[in-house]
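Structure first, then comments.
In what follows, chains are A, B, ... by sequence order, proteins preceding strands, each numbered from 1.
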2 protein chains.
Amino acid sequence: MGSTYGQFCPVAKAMELLDERWTLLIVREMVAGSRRFNELRRGVPRMSPTLLSKRLHQLVRAGVAEKRIEGKDVLYVLTPAGEELRPVVEALGAWGTRWIGELGEEDLDPKLLLWDMHRRIDHGAVPEGRTVVQFEFPDVPAQTRRWWLVITSDDADVCDADPGYDVAVTFTASLRSLIRVWRGDLGWSDALRAGSVKVNGPEALRRAAPGWFTLSTFAPVPRPA
Amino acid sequence: MGSTYGQFCPVAKAMELLDERWTLLIVREMVAGSRRFNELRRGVPRMSPTLLSKRLHQLVRAGVAEKRIEGKDVLYVLTPAGEELRPVVEALGAWGTRWIGELGEEDLDPKLLLWDMHRRIDHGAVPEGRTVVQFEFPDVPAQTRRWWLVITSDDADVCDADPGYDVAVTFTASLRSLIRVWRGDLGWSDALRAGSVKVNGPEALRRAAPGWFTLSTFAPVPRPA
DNA sequence: CTGTATCCACTTTGATACTG
DNA sequence: CAGTATCAAAGTGGATACAG
């Protein structure tokens with residue numbers, strides 16, 4: 001456990017749990033709907049599994065999450081106390097959006113972008129059947145330059161290798177630009193007009209494709225004047 | 001600085017700054033109105049001055065606080081960005097109030113209770129002139145058993161030694177009980193009726209004294225059913 | 001798939017004393 | 001009042017391999 005502050009103040013008591021590195025990001029992942037160990041891992045890929053395991057235990061012990069075993073599935077689910085951390089995560093995200101716009105190179109992880117996007121697909125807007133969207137980041141090392149989303153009516157998979165199916169549209173952009181769009185720092189239309197994000201594919205799909213993705217939860221946060 | 005998460009998510013970016021030990025408690029103190037170094041120290045007495053100094057520098061560098069030198073005074077003042085952390089502190093405090101009611105012995109610090117109380121005195125409710133309120137915690141080691149608040153029309157001082165003036169009323173309680181009242185875990189009337197907090201002094205003052213203190217900001221937070 | 005075990009380098013903190 | 005200097009101890013996290 002994090003060490004104690006020796007204060008009865010509820011802010012201090014809350015932070016004894018929540019100020020430990022990674023803890024609140026795990027809560028964020030759970031708030032976003034992740035429930036399985038390896039699902040959570042994909043949201044915090046720089047964490048070692050050991051540490052993720054430790055943090056999950058702490059959250060369970062603190063009454064924030066519950067480990068639920070259903071048949072062969074192991075799920076970590078927020079308790080009511082955990083669910084009530086949503087406003088905390090939202091307040092932090094809104095603040096971060098407004099006051100920490102500058103991103104370093106090391107903040108730009110395509111893996112996380114795709115993982116985020118796959119969770120926020122507007123399945124109603126995507127064509128019926130299987131739709132494959134390709135992403136190409138010319139500025140990124142070959143290893144992680146190309147990604148695919150395989151979207152079906154109720155699911156989406158992130159692939160870092162060509163899944164082999166026909167590609168509906170391809171997004172080509174610097175990683176930073178697409179992340180800026182995703183975060184709401186840059187509008188789709190501005191990005192497309194300026195050419196910092198390009199969409200290739202049949203006209204109809206190309207026009208529709210930006211609408212397939214609901215942007216980050218924090219994209220609508222108003223920026224400081 | 002706290003190490004980075006390598007994530008563009010605004011929650012992660014916010015936590016890179018705020019998840020460091022003590023940081024948010026300092027922000028809490030500033031939100032509560034403390035501005036001078038030694039004033040801040042009294043709100044986080046377990047911090048070494050070195051570390052407080054370091055944290056203040058970080059907050060300044062992050063644009064959350066501003067170091068303002070006015071004549072011979074050095075003040076740390078929240079910037080607009082810092083002021084906007086108030087909702088974060090409030091969300092955390094509300095959550096902590098609702099879900100972390102259990103306090104360990106080491107959380108019960110009379111120094112912090114008195115420091116908190118002196119900030120929330122309802123000066124309009126206290127009699128004119130100088131009013132001295134004494135606190136006695138029979139369960140606490142002699143060193144920190146007795147405290148005094150010297151209240152004037154627009155100021156209040158915390159003393160750990162008898163200031164020598166006439167005492168208007170004396171509160172006698174276990175430290176835990178008075179903290180529970182302060183936090184809103186236990187109502188004044190319940191505490192007085194049960195005798196876990198006692199007030200001594202002239203009848204009129206004795207009756208009025210609980211009204212001299214506005215309870216902790218989080219006392220009104222509704223508790224889980 | 002869901003973790004645990006191990007190990008070490010590094011950072012962070014706390015304690016204490018001291019200064020302009 | 002407003003901090004810095006110093007230093008040892010603790011703990012934290014990262015990497016990797018492995019297990020049920």
| message | Check whether B:F137 forms a cation-pi arrangement with B:R176 (NZ or CZ under 6.0 Å from the six-membered ring centre, at most 45° off the ring normal). | response |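 No, B:R176 does not lie over the aromatic ring of B:F137.
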| task | Enter the distance from B:R55:CZ to B:L25:CG here, rounded to the nearest 0.5 Å. | result |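 It comes to 10.5 Å.
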| Can a side chain N or O of B:R21 be found less than 4.0 Å away from OP1 or OP2 on C:dG14? |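 Looking at the OP1 and OP2 atoms of C:dG14, one of them is under 4.0 Å from a side-chain N or O of B:R21.
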| task | Start with the C-alpha distance between A:R130 and A:I151, add both sets of side-chain angles, then the distance that settles side chain to side chain contact (heavy atoms under 4.5 Å, CB included), and finish with yes or no. | result | CA-CA 6 Å; A:R130 180 174 53 223; A:I151 307 172; over 6 Å; no
Looking at [options], which one has an atom nearest to any side-chain atom of [X]?
X: A:R36; options: C:dG3, D:dG14, C:dC1; value: C:dC1
X: B:N38; options: D:dT4, D:dG14, D:dA2; value: D:dA2
X: B:T50; options: C:dT16, D:dC1, D:dG13; value: C:dT16
X: A:V74; options: C:dG14, C:dT2, D:dT12; value: C:dT2

Distance check needed: [N] [atom2] versus [X] [atom1], whole Å only.
X: A:W22; N: D:dA15; atom1: CH2; atom2: P; answer: 10 Å
X: A:K72; N: C:dG3; atom1: NZ; atom2: P; answer: 14 Å
X: B:L52; N: D:dA2; atom1: CG; atom2: C1'; answer: 10 Å
X: B:K54; N: D:dT6; atom1: NZ; atom2: P; answer: 16 Å
X: A:D73; N: D:dG20; atom1: CG; atom2: P; answer: 21 Å
X: A:D19; N: C:dT13; atom1: CG; atom2: C1'; answer: 13 Å

Ion pair check, [X] and [Y], cut-off under 4.0 Å:
X: A:D185; Y: A:R223; answer: yes
X: A:D162; Y: A:R146; answer: no
X: B:D73; Y: B:R36; answer: yes
X: B:E29; Y: B:R119; answer: yes
X: A:K13; Y: B:D107; answer: yes

| field | Residues from residues 40-48 of chain B lying under 4.0 Å of DNA chain D - heavy atoms | value |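 Residues of residues 40-48 of chain B under 4.0 Å from DNA chain D: none.
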| request: Could you name each residue pair satisfying side-chain hydrogen bond (donor to acceptor under 3.5 Å, both in side chains) that touches residues 80-103 of chain B, not counting sequence neighbours? | output: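 Qualifying pairs: A:E84-B:R98, A:E84-B:W99, A:R98-B:E84, A:W99-B:E84, B:E83-B:R86.
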| Does anything in residues 103-111 of chain B reach DNA chain C, meaning a heavy atom under 4.0 Å, and if so which residues? |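 The stretch gives none, as no residue of it lies under 4.0 Å from the strand.
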